[in-house]
Amino acid sequence: MLAAEETRRDVALGFGAFAAANLAVVGLLAMGVPATSILAAVVGVAAALVVVARPQRGIIILVAVLPYDGLLAIAPLPELVAGWKEGLVVLTVAAAVIAPGTVRAPTRRALPSWVAPVAALALLAVIDVVRRGQFEGLYGLKILLFFTLAAFALWRCPLGRHERDRLVGSLMVNGVVVACWGLVQQAIGPETLNAWGYEYNTAIRFSGSFLRSFSTFEEPFGYAYFLLVVLAVGIPVALADRRRPRNRLFLWLVPIVVMGMAASVVRGGLLGLAVVIAYLGFRAATPRRALLVAFPLALAAILLVPSSVSEAALSSSSTGERTSGWTAILPEVADRPFGAGLGSAGAAAEKVATLSDSTESTYQPDNQYVLLAYELGPIATWLQLLLVITAYGAARTAARATSGSDRALADGVAALTLAAGTVSLISTFFEIFPADALWWILIAIVATLGVPSTSDTDDAPRDDSSALRPTR
């Protein structure tokens with residue numbers, strides 16, 4: 001009887017809350033508040049309730065929606081919505097801090113080896129910002145380290161087995177979707193895209209006369225590096241269980257994803273893919289005979305790309321310009337061992353210039369290591385190298401100590417880390433959204449493989465203590 005009364009009370013409260021919400025929406029519409037703003041608020045409140053109940057869902061939502069953030073450039077939504085990803089990360093961290101023990105992992109665990117260089121880099125950056133007291137520094141600090149908050153939330157509240165599977169599945173699906181849309185953009189043409197609201201020299205860019213696809217992203221670089229993440233994670237996971245229909249379908253669609261990447265004319269994406277394929281083929285536990293099939297498929301995809309694209313991607317003129325720029329700033333780096341200040345170059349400087357309507361050009365080194373040396377000095381460059389090395393080592397250790405899809409995921413993250421470190425020689429990979437956010441999330445997931453955790457409703461609580469074990 002008591003249970004029935006509690007059920008009736010819960011139902012009544014639910015209907016009451018629903019009715020109150022509808023009345024609030026009607027009232028806001030009557031007051032002249034735009035329907036899009038109301039819709040954004042409703043979605044935000046619903047997401048907050050879901051994330052507070054289980055912080056892991058915040059990471060799942062973040063990864064699923066990140067590829068479509070660039071659509072806000074043409075969407076009729078209030079400017080406040082543009083900060084949804086930062087808001088979701090902060091909400092997830094707060095929910096992880098106050099989460100009950102039923103969704104948290106044990107707190108007394110050895111920290112990943114990459115935490116030390118991250119902490120040292122953060123300390124160096126904070127000291128620089130406080131010492132200089134410039135707004136550019138704060139924005140540079142955000143770009144450099146903001147998504148480490150997502151890694152912290154994952155360390156405190158790791159994903160369960162099914163949640164990891166859903167995250168990988170969302171990467172596969174979104175990778176195929178955005179790759180297809182990037183190819184469709186070639187047929188749509190720049191004039192129509194501009195009429196939709198995309199701007200020239202930001203989203204709409206050309207390599208010679210060829211339109212560089214950007215799909216649902218703000219520009220081609222974020223698009224190409226997102227597909228790099230998808231391929232690095234998706235290929236080994238799909239090969240680890242080829243009987244699963246989702247995985248087989250993804251493997252058949254890999255050429256489309258590669259063609260979509262090539263249409264962006266971002267050479268860093270193709271370089272990173274070469275590193276990923278080479279690593280998975282010769283170092284990882286991925287079935288090599290199956291992986292060898294990916295080589296002709298990827299080659300066929302690249303051969304189908306128009307010659308104008310391949311010529312632009314392989315052109316040496318831009319490489320010469322970059323290297324001459326790096327050589328030119330070497331004396332400045334030598335004169336300023338602690339750098340010119342965080343946010344004085346790269347994406348942070350460009351964003352600040354845009355916000356202040358400045359017409360002065362900003363220095364874009366197109367090299368992560370040169371950027372850090374210029375902003376914070378050679379020490380920061382060394383810490384970045386240590387971060388890449390330790391993150392790769394942690395992923396390799398996890399791959400050797402796990403099995404099945406978890407081992408494949410760790411192999412993919414190891415390959416992605418090597419690719420990111422290599423691509424950083426010709427690009428500022430770790431400040432290009434959303435690849436930066438996804439990399440922090442993925443290395444944190446790998447760091448929690450085998451940690452006792454509870455999953456969501458379709459994955460009963462289990463003891464994962466045996467998941468992290470040596471494999472023969």
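Just so you know, these numbers use all the heavy atoms, side chains as well, and skip hydrogens, waters and symmetry mates. Every value quoted in this text rests on a predicted model; they were computed, and no experiment measured them.
Partners of Trp114 by side chain to side chain donor-acceptor pair (under 3.5 Å), not counting sequence neighbours: none found. In this structure, Arg248 has no salt bridge (charged side-chain N to carboxylate O under 4.0 Å, His left out) partners at least two apart in sequence or on a different chain.
The CZ atom of Phe226 sits 11.0 Å away from the CG atom of Leu228 when rounded to the nearest 0.5 Å.
A donor-acceptor pair under 3.5 Å links the side-chain atoms of Arg104 to the main chain of Ala99, judged by distance alone.
A 4.5 Å side-chain heavy-atom check between Val229 and Leu442 finds at least one atom pair inside the cut-off. In this structure, the side chains of Trp84 and Leu62 come closer than 4.5 Å at one or more pairs of heavy atoms. Put simply, the side chain of Glu218 does not reach to within 4.5 Å of the side chain of Ile432, judged on heavy atoms. Looking only at side-chain heavy atoms (C-beta outward), Pro365 and Tyr374 stay at 4.5 Å or farther from each other. No side-chain heavy atom of Ile426 sits less than 4.5 Å from a side-chain heavy atom of Asn367.
Listed here is the closest heavy atom pair of Gln186 and Ser213: NE2-OG, 2.6 Å. Contact detail for Leu251 and Ile235: the closest heavy-atom pair is CD2-O, 4.4 Å. Here the closest non-hydrogen pair linking Leu409 and Val446 is O-CG2, 4.5 Å. Shortest non-hydrogen contact noted between Leu154 and Ile441 is CD1-O, 3.5 Å. Heavy-atom minimum distance, Gln384 versus Leu121: OE1-CD2, 4.2 Å.
With respect to the salt-bridge test (charged N to carboxylate O, under 4.0 angstrom), the residues Arg131 and Asp128 qualify.
A ring-ring contact (aromatic ring centres under 6.0 Å, His included) with Phe214 holds for exactly one of Tyr225, Tyr223, Tyr198, Phe206; it is Tyr198.
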